[in-house]
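This report concerns only the one structure given below.
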Amino acid sequence: MLINKFISAYSMPSSPTSYYPADGSTYQAKCWCLYFSPELLRGTQFGRHIKDYTFFSYDASEALHLSLQERETIIDCLKKIDDEINNGNDRHSNTIIASAIELFLNYCTRFYDRQFITRKKANKDILTHFEELLDDYFTSDKPKRLGTPTVAWCADQLHLSPNYFGDLIKKETGKSAIDHIQRKTMETAKDLLMQTDKSISEIAYCLGYQYPQHLSRVFKKCTGMTPNEYRLSE
């Protein structure tokens, strides 16, 4: 039911029908769908930070799995939105609907946080694979071919979307995936500075930097010293 140009919320059956081969019965799933135009949020505080809801970019395989209680909470939010669409016809309606959508998304954020916690073992495995992936990266010719490792590349290798991967790493370690990549890059740079006689330019190239000054800038930011100063200090 599209009440105005801004918002639509309704319950509908999905298609096609799902089959249960065990007893030959069929089941037609139903779902709630919520559509809203950016115009509804334009100029609001909510609209200004909606990009903070990173799960909009998660893959389908990274969907939120709800408990029965969480499911009821989500449906209750959608029913309130639906009720306002059908019965709210005054100047407050759009504000109330926008607030209800924000509440709905905040609940989704809470439930995703819970999901990250309950999947802790699987997350630890991903973190281990991430560390192994970086170890392998810097002992191969990938830096020369691909440049410095990116969050998107690592996520792809682990079969995750970049946003889900980044959120998972942040929840598990308190640091961003970029921080982990940078830490590993700098550890490798330190090893090369102390264990080889390669020039700074050669080391930068080995790490995937196009220009040595990029390495020098990041290295000083992380250690407080330039690569040459670090080499001489040891």
Side-chain angles (χ1 to χ4, degrees), residues 1-20 25-120 122-123 126 151-152 155 159-172 174 176-178:
M1 61 187 76
L2 185 60
I3 303 305
N4 58 41
K5 67 178 181 178
F6 290 150
I7 182 92
S8 174
Y10 55 92
S11 178
M12 62 176 289
S14 66
S15 179
T17 300
S18 300
Y19 292 89
Y20 290 90
S25 62
T26 62
Y27 172 74
Q28 189 174 42
K30 292 185 178 181
C31 65
W32 277 86
C33 299
L34 174 66
Y35 304 92
F36 58 91
S37 166
E39 292 300 321
L40 179 70
L41 311 181
R42 197 174 303 282
T44 67
Q45 183 64 28
F46 174 36
R48 283 189 283 273
H49 71 80
I50 193 168
K51 290 183 179 179
D52 294 341
Y53 297 100
T54 53
F55 48 73
F56 281 126
S57 298
Y58 288 0
D59 287 343
S61 60
E62 299 154 354
L64 181 58
H65 297 268
L66 299 172
S67 67
L68 289 177
Q69 183 177 350
E70 290 168 348
R71 180 176 178 274
E72 290 304 313
T73 299
I74 290 297
I75 291 176
D76 183 61
C77 287
L78 292 170
K79 284 181 176 178
K80 284 182 169 61
I81 295 170
D82 190 51
D83 181 66
E84 187 62 32
I85 291 171
N86 285 296
N87 302 311
N89 296 310
D90 56 31
R91 66 188 180 87
H92 301 290
S93 289
N94 283 346
T95 300
I96 291 171
I97 290 170
S99 296
I101 293 173
E102 183 173 19
L103 178 63
F104 163 70
L105 295 180
N106 285 339
Y107 272 121
C108 289
T109 300
R110 167 186 277 180
F111 298 152
Y112 258 117
D113 283 350
R114 183 269 310 153
Q115 184 163 290
F116 280 124
I117 292 171
T118 56
R119 295 185 175 186
K120 212 160 187 62
N123 294 346
I126 291 172
V151 173
H159 310 293
L160 299 169
S161 68
N163 274 12
Y164 186 87
F165 171 65
D167 289 347
L168 185 155
I169 296 299
K170 182 73 172 178
K171 292 286 191 305
E172 283 296 314
S176 69
I178 293 175

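Only heavy atoms go into these numbers, but all of them, side chains included; no hydrogens, no water, no symmetry mates. Because the structure is predicted, anything quoted here is derived from the model rather than measured.
Tested against Lys171 for a side chain to side chain contact (heavy atoms under 4.5 Å, CB included), the candidates Ile117, Asn123, Asp113 yield a single pass: Asp113.
Nearest heavy atom pair, residue Leu160 against residue Asp59, reads C-OD2, 4.3 Å. Considering all non-hydrogen atoms of both residues, Ser93 and Glu84 come closest at OG-OE2, 3.1 Å. Scanning all heavy atoms of the two residues, the minimum distance from Ala100 to Ile81 falls at CB-CG1, 3.5 Å. Shown here for Lys170 and Ser176, the closest heavy-atom pair between the two residues is CD-N, 4.0 Å. Contact between Glu70 and His65 at its shortest, heavy atoms only, is OE1-O, 4.0 Å. Nearest heavy-atom pair across Leu40 and Thr44 is O-CG2, 4.3 Å.
Summarising the geometry, atom OG1 belonging to Thr73 is positioned 11.0 Å from atom CG belonging to Leu78; distances are rounded to the nearest 0.5 Å. Glu72 contributes atom CD, which lies 9.5 Å from atom OG of Ser67 (distance to the nearest 0.5 angstrom). For the atom pair Ile169 CD1 and Ile126 CD1, the distance stands at 7.5 Å (nearest 0.5 Å). Here OH of Tyr107 is found 8.5 Å from CD1 of Ile74. Values are rounded to the nearest 0.5 Å. Phe46 contributes atom CZ, which lies 4.5 Å from atom CG of Leu105 (distance to the nearest 0.5 angstrom).
Side-chain contact between Asn163 and Phe55: absent, with no pair of heavy atoms (C-beta onward) separated by less than 4.5 Å. Looking at heavy atoms from C-beta onward, Glu172 lies out of side-chain contact with Phe116 at the 4.5 angstrom threshold.
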### Query
What's the verdict on side-chain contact (heavy atoms from CB on, under 4.5 Å) for Leu41 and Phe36, showing C-alpha distance, side-chain angles and the deciding distance?
CA-CA 9 Å; Leu41 311 181; Phe36 58 91; 3.6 Å; yes

### Task
Give the intermediate values and the outcome of side-chain contact (heavy atoms from CB on, under 4.5 Å) for residues Asp82 and Trp32.
CA-CA 10 Å; Asp82 190 51; Trp32 277 86; 4.1 Å; yes

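Classification of Asp76 and Lys80 as a salt-bridged pair holds, one side-chain N sitting under 4.0 Å from a carboxylate O.
Between the side chain of Glu62 and the backbone N or O of Ser161, at least one donor-acceptor pair lies under 3.5 Å. Proximity of a side-chain donor or acceptor of Gln115 to a complementary backbone N or O of Ala63 within less than 3.5 Å is detected.
Remark: Ile178 CD1 is loosely packed, at most 12 non-hydrogen atoms of other residues, nucleotides or ligands lying under 6.0 Å away.
With no hydrogens or angles considered, no side-chain donor-acceptor pair links Asp167 and Tyr112 at under 3.5 Å.
Remark: His159 engages no residue in a side chain to side chain donor-acceptor pair (under 3.5 Å) (not counting sequence neighbours). Checked against side-chain contact (heavy atoms from CB on, under 4.5 Å), Arg48 has the following partners two or more places apart in sequence or in another chain: Gln45.
Ring pair His49/Tyr53 is tilted by interplanar angle, where 30° to 60° counts as tilted.
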